[in-house]
Q: 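I'd like to ask you about the structure that follows.
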Amino acid sequence: MNDEKEFIDYFLKFEKDNNMFEKKIKNIKIWPYIRFNIYSSMLAILNIDNSLMKSDILQGEYKKGIKEKLKEKVFCNQNLIVHRDVLIVPHERKYKSSEGYYRCIYTDLIDSALRQSHYVLDSKSIFGDYTPQKSKNIIYANTNRFEKKENRKRPYKKTTINEFEEKIIKPLEKFFEISLSKETKKSWKDILDNLLYRRRYLTSYYTHILNRIRPQVIMMVVAYSFDRMILCEIAKKRGIPTVEIMHGVMTRGYLPYCFPEKMKIKSFPDFIFTFGKNEYTEKLPISNRRVFPVGFPELEKYTKQKKEQKKKQILFISQGQMEIAQIAKKFSEIISDDEYDVIYKLHPKEYVSWKRDLWKYLNSTNIKVVGDFNHTIYDYLAQADWVVGIYSTVLYEATAFYTNIALLESPMSINVKKLVENGCAVMINGAEDLKKAIETKREMNTPSEEFFVKNSLYNIQDCIDHIITYYSRKRRK
């Protein structure tokens, strides 16, 4: 088994053959909660994933004033919420605007444009705190009281080793013909216990929130994160439709959107809003009729910007792979500084760790390494003449900027080879190939709405209106 595409098919077969989605521990169907953790761990165990990416966190550098503290305690207090038509749950990762506020690039423009009354329920960010935001609809989520209450009622009892081995470990070892280490088994069991511990108070918390707000629809980013899964479960019990706002292009090789068959999963959203019309939806557990291509408001905003630089700007997109750093280094050594600017855009998870993992490749005056929460990837795409990467969905986003795209040949690039097939990108094997492709000056195809639908805010509003109307009629029956 040499690549992730082959492995994901095999993993889905394992799930189906072993009926994993019906496995219960503590009378709870636990597989949807831990499948992605186990899948990612298996990639590393089988040496399929060569990513260097670490989950180090770049801490925020802002200090709150009295105004922000007052807003957090009074105006954004979850204890003072009332009914609203829509509940929006944004991405935990925020970017700082020129005004000094932090904003979710996936929901901020929706928040500003949505006609229905709504709240934006924001958790503590990856900075470990609430970030100051401009929206008047922000409510800061706080589960502390609910966690303490659950612990007072009934202390959590850990999953038994025998039950975990019988229902999770033995089927995996038998199917994949491997023997897992004690450390791996313990790690997976600890993950499950942590999730089941959190599930108790998150269930109480979201029940409370939905009782107060009584929304007609819930929109969320990253629906496969655990707290969103629990929110989906509670919403389904109450007949409230849930919508995932995609934060990237849906591809064949990403497990959260790949399932062995169509099935009812309580923790999966009812609808998905995608960026474009040609995304991989074949393996979703829900019907394709519940997938709506709406576009991406933030990207539309940036595509209207004009390129400013005089030199050709070559933008390398990192996903933690050593290969992309190596080609950036080699390319910077064979081109003229007078003609090119070489920009290396880090993934947010690399902002802290890159000097540890990639310094020997990027320690060059000819390479500008960028990555912070003051600029989004679209600031750089708007100015790039060429975008170079392996498998990042940013490569799809680059098509909206009428820029040239080069894909480095790799087992991981299977997710974006559609770009080459459609004439939107070229495949390269190294720095010399990239230089030759740039000098050839070939014209790339620009897809109309294949990857990104236009008029996104209008489309989103229209879909939300239809979903609310549909469920209102359904309740009256």
Side-chain angles (χ1 to χ4, degrees), residues 7-43 45-46 156-180 184-200 202-203 206-207 220 222-242 244 252-272 281-291:
F7 179 70
I8 199 170
D9 290 334
Y10 204 52
F11 192 84
L12 295 179
K13 186 178 188 307
F14 156 74
E15 291 183 318
K16 185 174 183 178
D17 289 357
N18 289 274
N19 206 21
M20 294 305 293
F21 288 92
E22 296 301 317
K23 301 279 186 181
K24 288 185 179 181
I25 291 180
K26 296 179 183 289
N27 204 32
I28 299 166
K29 293 181 180 179
I30 50 86
W31 186 246
Y33 303 156
I34 60 171
R35 68 190 293 258
F36 189 46
N37 297 91
I38 289 178
Y39 171 81
S40 301
S41 182
M42 290 285 287
L43 286 176
I45 290 169
L46 299 173
Y156 177 74
K157 293 183 180 179
K158 290 186 177 182
T159 307
T160 64
I161 295 173
N162 288 342
E163 186 177 20
F164 186 73
E165 288 258 358
E166 192 66 32
K167 294 184 177 179
I168 304 299
I169 300 299
K170 286 184 179 179
L172 275 162
E173 290 185 324
K174 182 178 179 181
F175 186 88
F176 290 99
E177 298 180 344
I178 57 174
S179 179
L180 296 166
T184 297
K185 295 176 186 178
K186 183 180 183 304
S187 171
W188 291 357
K189 183 180 173 299
D190 288 346
I191 289 171
L192 177 61
D193 274 320
N194 175 260
L195 295 178
L196 292 179
Y197 169 80
R198 290 172 57 205
R199 184 182 186 273
R200 301 181 315 152
L202 286 174
T203 298
Y206 284 124
T207 298
M220 63 185 74
V222 195
Y224 57 85
S225 68
F226 183 66
D227 61 328
R228 271 77 158 174
M229 287 186 185
I230 304 305
L231 177 56
C232 283
E233 290 181 0
I234 304 303
K236 277 187 172 62
K237 287 182 181 179
R238 305 175 69 88
I240 303 170
T242 52
E244 177 166 15
R252 174 69 183 82
Y254 199 48
L255 188 75
Y257 304 107
C258 290
F259 292 79
E261 57 190 341
K262 300 296 180 186
M263 62 179 76
K264 291 183 179 180
I265 300 177
K266 293 179 180 179
S267 58
F268 198 86
D270 299 300
F271 301 92
I272 296 181
T281 60
E282 181 184 330
K283 295 290 186 180
L284 288 174
I286 60 174
S287 166
N288 283 357
R289 291 176 296 176
R290 289 175 170 261
V291 180

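From a predicted model like this one, the values you see are computed outputs, not experimental measurements.
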Q: If I take atom NZ from residue Lys236 and atom CG from residue Leu231, how far apart are they, to the nearest 0.5 angstrom?
A: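 Lys236 atom NZ to Leu231 atom CG measures 10.0 Å (nearest 0.5 Å).
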Q: Which heavy atom of Ile286 sits nearest to which heavy atom of Pro269, and what is that distance?
A: CG2-O, 3.8 Å
Q: Determine whether Tyr156 and Leu196 make a side-chain contact, defined as any pair of heavy atoms from C-beta on separated by less than 4.5 Å.
A: yes
Q: Hey, are the side chains of Glu233 and Ile230 touching, using non-hydrogen atoms and a 4.5 Å cut-off?
A: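 Yes, close enough: below the 4.5 Å cut-off.
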Q: Under the salt bridge (Lys or Arg N to Asp or Glu O under 4.0 Å) criterion, do Lys29 and Glu22 qualify, and how do the steps go?
A: CA-CA 6 Å; Lys29 293 181 180 179; Glu22 296 301 317; 3.0 Å; yes
Q: Is any side-chain heavy atom of Ile45 closer than 4.5 Å to a side-chain heavy atom of Leu180?
A: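 Yes; the side chains approach each other to less than 4.5 Å.
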Q: In terms of the angle between their ring planes, are Phe7 and Phe176 parallel, tilted or perpendicular, with boundaries placed at 30° and 60°?
A: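 The arrangement is tilted - the two ring planes meet at 30° to 60°.
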Q: For side chain to side chain contact (heavy atoms under 4.5 Å, CB included), just list the numbers for Lys26 and Glu163, CA-CA rounded to whole Å, side-chain angles, deciding distance to a tenth of an Å, and then say yes or no.
A: CA-CA 10 Å; Lys26 296 179 183 289; Glu163 186 177 20; 5.5 Å; no
Q: Answer with yes or no whether the side chains of Asp227 and Ser225 bring together a donor and an acceptor at under 3.5 Å.
A: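 Side-chain D/A pair, Ser225 to Asp227: present.
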Q: Would you name the heavy atoms of Glu15 and Trp31 that are closest together and state the gap between them?
A: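 Glu15 and Trp31 have their closest heavy atoms at OE2-NE1, 2.6 Å.
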Q: Mind checking whether Lys186 and Lys189 have side chains closer than 4.5 Å, heavy atoms only?
A: no
Q: Measure the acute angle between the ring planes of Tyr10 and Phe175, then classify it against the limits of 30° and 60° as parallel, tilted or perpendicular.
A: tilted
Q: Is there a ring pair (Phe, Tyr, Trp, His ring centres under 6.0 Å) between Phe36 and Tyr254 once you walk through the steps?
A: CA-CA 9 Å; Phe36 189 46; Tyr254 199 48; 5.6 Å; yes
Q: Please list, chain by chain and in numerical order, all residues satisfying ring pair (Phe, Tyr, Trp, His ring centres under 6.0 Å) with Phe268, sequence neighbours excluded.
A: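 In terms of ring pair (Phe, Tyr, Trp, His ring centres under 6.0 Å), with neighbours along the sequence ignored, Phe268 is linked to Phe259.
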Q: Over all heavy atoms of both residues, which pair between Pro260 and Lys16 is shortest? Give the atoms and the distance, please.
A: CB-CB, 3.8 Å
Q: Rounded to the nearest 0.5 Å, what's the gap from CZ on Arg35 to CG on Leu255? Could you check?
A: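 Rounded to the nearest 0.5 Å, the CZ-CG separation comes to 4.0 Å.
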Q: How long is the span from the CD1 atom in Ile178 to the CD1 atom in Ile169, to the nearest 0.5 Å?
A: 9.0 Å
Q: Evaluate the criterion side chain to side chain contact (heavy atoms under 4.5 Å, CB included) for residue pair Lys23 and Asn19; output intermediate values, then yes/no.
A: CA-CA 7 Å; Lys23 301 279 186 181; Asn19 206 21; 5.6 Å; no
Q: Mind checking the SG-OH spacing from Cys232 to Tyr224? Nearest 0.5 Å is all I need.
A: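 Interatomic distance, Cys232 SG to Tyr224 OH, rounded to 0.5 Å: 13.5 Å.
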Q: How far does NZ of Lys266 sit from CD1 of Ile234, to the nearest 0.5 angstrom?
A: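 The NZ atom of Lys266 sits 10.0 Å away from the CD1 atom of Ile234.
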Q: Check Arg228 against Ala223 and note the closest heavy-atom contact, atom names and distance.
A: CB-O, 3.6 Å
Q: Does Phe226 have any ring pair (Phe, Tyr, Trp, His ring centres under 6.0 Å) partners at least two apart in sequence or in another chain, and if so, which?
A: Tyr33
Q: Examine distances only and state if a side-chain atom of Asn37 and a backbone atom of Trp188 form a donor-acceptor pair shorter than 3.5 Å.
A: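 Such a contact is absent between Asn37 side chain and Trp188 backbone.
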Q: So do the side chains of Ile168 and Ile30 get within less than 4.5 Å of each other, counting heavy atoms only?
A: yes
Q: Would you confirm whether Lys167, through its side chain, and Lys24, through its main-chain N or O, come within 3.5 Å as a donor-acceptor pair?
A: yes
Q: Under the criterion side-chain contact (heavy atoms from CB on, under 4.5 Å), which of Met263, Glu261, Lys262, Lys264 is the partner of Pro285?
A: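 Only one of Met263, Glu261, Lys262, Lys264 forms a side-chain contact (heavy atoms from CB on, under 4.5 Å) with Pro285, namely Met263.
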Q: Between CZ of Arg199 and CD1 of Ile28, what distance do you get to the nearest 0.5 Å?
A: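 Atom-to-atom, Arg199:CZ and Ile28:CD1 are 4.0 Å apart.
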Q: Do Lys158 and Phe164 form a cation-pi contact, if we require the NZ or CZ to be under 6.0 Å from the six-membered ring centre and within 45 degrees of the ring's axis?
A: no
Q: Donor-acceptor check, side chain of Thr242 to backbone of Asp270, threshold 3.5 angstrom: yes or no?
A: yes
